[in-house]
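Following: one structure in structure tokens, then a few remarks.
All values below were derived from every heavy atom in this structure, side-chain atoms included, with hydrogens, water molecules and symmetry-related copies excluded. Throughout, a chain's letter reflects where its sequence line sits, starting with A, and its residues are numbered from 1.
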There are 2 protein chains.
Amino acid sequence: MRDYAKMLKEHSLKATFQRMTILSALDTMGHANIEEIYETVLKTHPTISLATVYKNILTMVQEGVVVEVPISGEKSKYELKREEHLHLICKKCGSVSDMPMRESIKEETEKIARSSSFKPFRRQINIYGICKNCRDI
Amino acid sequence: MRDYAKMLKEHSLKATFQRMTILSALDTMGHANIEEIYETVLKTHPTISLATVYKNILTMVQEGVVVEVPISGEKSKYELKREEHLHLICKKCGSVSDMPMRESIKEETEKIARSSSFKPFRRQINIYGICKNCRDI
DNA sequence: ATAATTGCAAATTTTTTGCAGGTTC
DNA sequence: GAACCTGCAAAAAATTTGCAATTAT
């Protein structure tokens, strides 16, 4: 559990309970799309509106507090901003899990970008497949 | 220009002119979202309906003739299926360009997957930044 | 105090669907 | 000629907007 109020204030966003609830939901869920976030926050704060979830996800993504994870064939999920990592995405159960980024991958992608005079900001690596759980079934 | 009819038939899809036109549009554009595809096919075949574009993109993605490229902060784009590669995505002009996949990246991602007993099918790597053109302006 | 944020309801945009007629193999 | 595909119009789903009331700083 992180200090959500601090995260928000560092980006000059007001620490409303709606935002704190959304961040807390993302923190426990790891990755979730708008609908999933909305359903989760409703459980503890039934007055939060869907429009507020939309507006805040947009704002918090713009401010870099939250990161969008676009996924083939699904609606985008969102996660709290943290160190760079990659995603293992199970095509069976839909789970998303984080794995640390390797230095060598960073270096290779830097090289590739450099070879096109492309100035990279950030990477996004998704690996699609079947997770351990679904495989064992 | 590839043999679109063949591509379709290999996946037991009928080679309608609507599908051929969509594939041809993707071939020339490289990457495009639904709206862009629709606008482009309209130029040569003004009778094609938007619903047909939606239905066909869905079908052709399911059959693996076309691949979805989900992009942070934008609507998904689509491209013709081809060898594995990665994407340089310019946050200024929105251009997407393909770069060859490096062996070492494949290997590293295999290792990462293996370490979680995850069985990988395919990777998707997006590098976001500023392209040469936009940088020079 | 004030500037930002919220919830609501409505508007807009995006995507999906059902079906009668047409096309491909 | 059978199964598949199309266009249309309508329905459903997803997202955005405007605004008066509320809240954080």
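For dT14(C), neither phosphate oxygen OP1 nor OP2 lies less than 4.0 angstrom from any side-chain nitrogen or oxygen of N33(B). A close approach under 4.0 Å does occur between a side-chain nitrogen or oxygen of T52(B) and OP1 or OP2 of dG7(D). An OP1 or OP2 oxygen of dG7(D) is reached within less than 4.0 angstrom by a side-chain nitrogen or oxygen of Q18(B). OP1 or OP2 of dT15(D) lies within a sub-4.0 Å distance of a side-chain N or O belonging to Y54(A).
One finds a salt bridge joining R123(A) and E84(A) here, because a Lys/Arg side-chain nitrogen approaches an Asp/Glu carboxylate oxygen to under 4.0 Å.
Summarising the geometry, the separation between CD1 on I57(A) and P on dA14(D) is reported as 16 Å, rounded to the nearest angstrom. Taking atom CE of M60(A) as the reference point, atom C1' of dA4(C) lies 15 Å away to the nearest angstrom. Spacing between atom NZ of K14(A) and atom P of dT22(D) amounts to 16 Å, rounded to whole angstrom units. Atom pair L23(B):CG and dC5(D):C1' shows a separation of 15 Å (rounding to whole Å applied). In this structure, H11(A) places its NE2 atom 18 Å from P of dA4(C), rounding to the nearest Å. Atom C1' of nucleotide dC25(C) and atom NZ of K6(B) are separated by 18 Å, given to the nearest angstrom. Summarising the geometry, the separation between CG on L13(B) and C1' on dT23(C) is reported as 15 Å, rounded to the nearest angstrom. Distance E39(B) CD to dT13(C) P: 14 Å, rounded to the nearest Å.
Using a distance-only test at 3.5 Å, with no hydrogens or angles considered, no donor-acceptor pair links the side chain of S24(A) to the main chain of M20(A). Using modelled atom types, one side-chain atom of N56(B) and one backbone atom of T52(B) make a donor-acceptor pair closer than 3.5 Å.
For L50(A), counting side-chain heavy atoms from C-beta on, the closest listed nucleotide (dT24(C), dT15(D), dT6(C)) is dT15(D). Closest contact between the side chain of T47(A) and the listed nucleotides dC19(C), dG7(C), dT15(C) involves dG7(C). When each of dT17(D), dT6(D), dT6(C) is scored by its nearest atom to the side-chain atoms of T16(B), the top-ranked nucleotide is dT6(D). Checking dG7(D), dT6(C), dT14(C) against every side-chain atom of K75(B), the shortest atom distance belongs to dT14(C). Distances were taken from every side-chain heavy atom of A15(B) (C-beta onward) to each of dC25(C), dT6(D), dT6(C); the shortest belongs to dC25(C). Side chain of R19(A), nearest nucleotide from dC8(C), dG7(D), dT6(C): dT6(C).
Note: Y78(A) and H31(A) fail the aromatic proximity criterion, with ring centroids not under 6.0 Å apart.
For the pair N56(A) and L58(B), nearest-nucleotide mapping onto DNA chain C gives the more 5' position to N56(A). Each of E35(A) and A51(A) lies near DNA chain D, and the nucleotide nearest E35(A) is the one positioned closer to the 5' end. Place T59(A) and K9(B) on DNA chain C by their nearest nucleotides, and T59(A) ends up nearer the 5' end. Map F17(A) and K55(B) each onto its nearest nucleotide of DNA chain D; the residue landing nearer the 5' end is K55(B).
Side-chain atoms of R122(A) and S72(B) form a donor-acceptor pair, as typed in the model, at a separation below 3.5 Å.
Remark: H11(B) engages no residue in a ring-ring contact (aromatic ring centres under 6.0 Å, His included) (not counting sequence neighbours).
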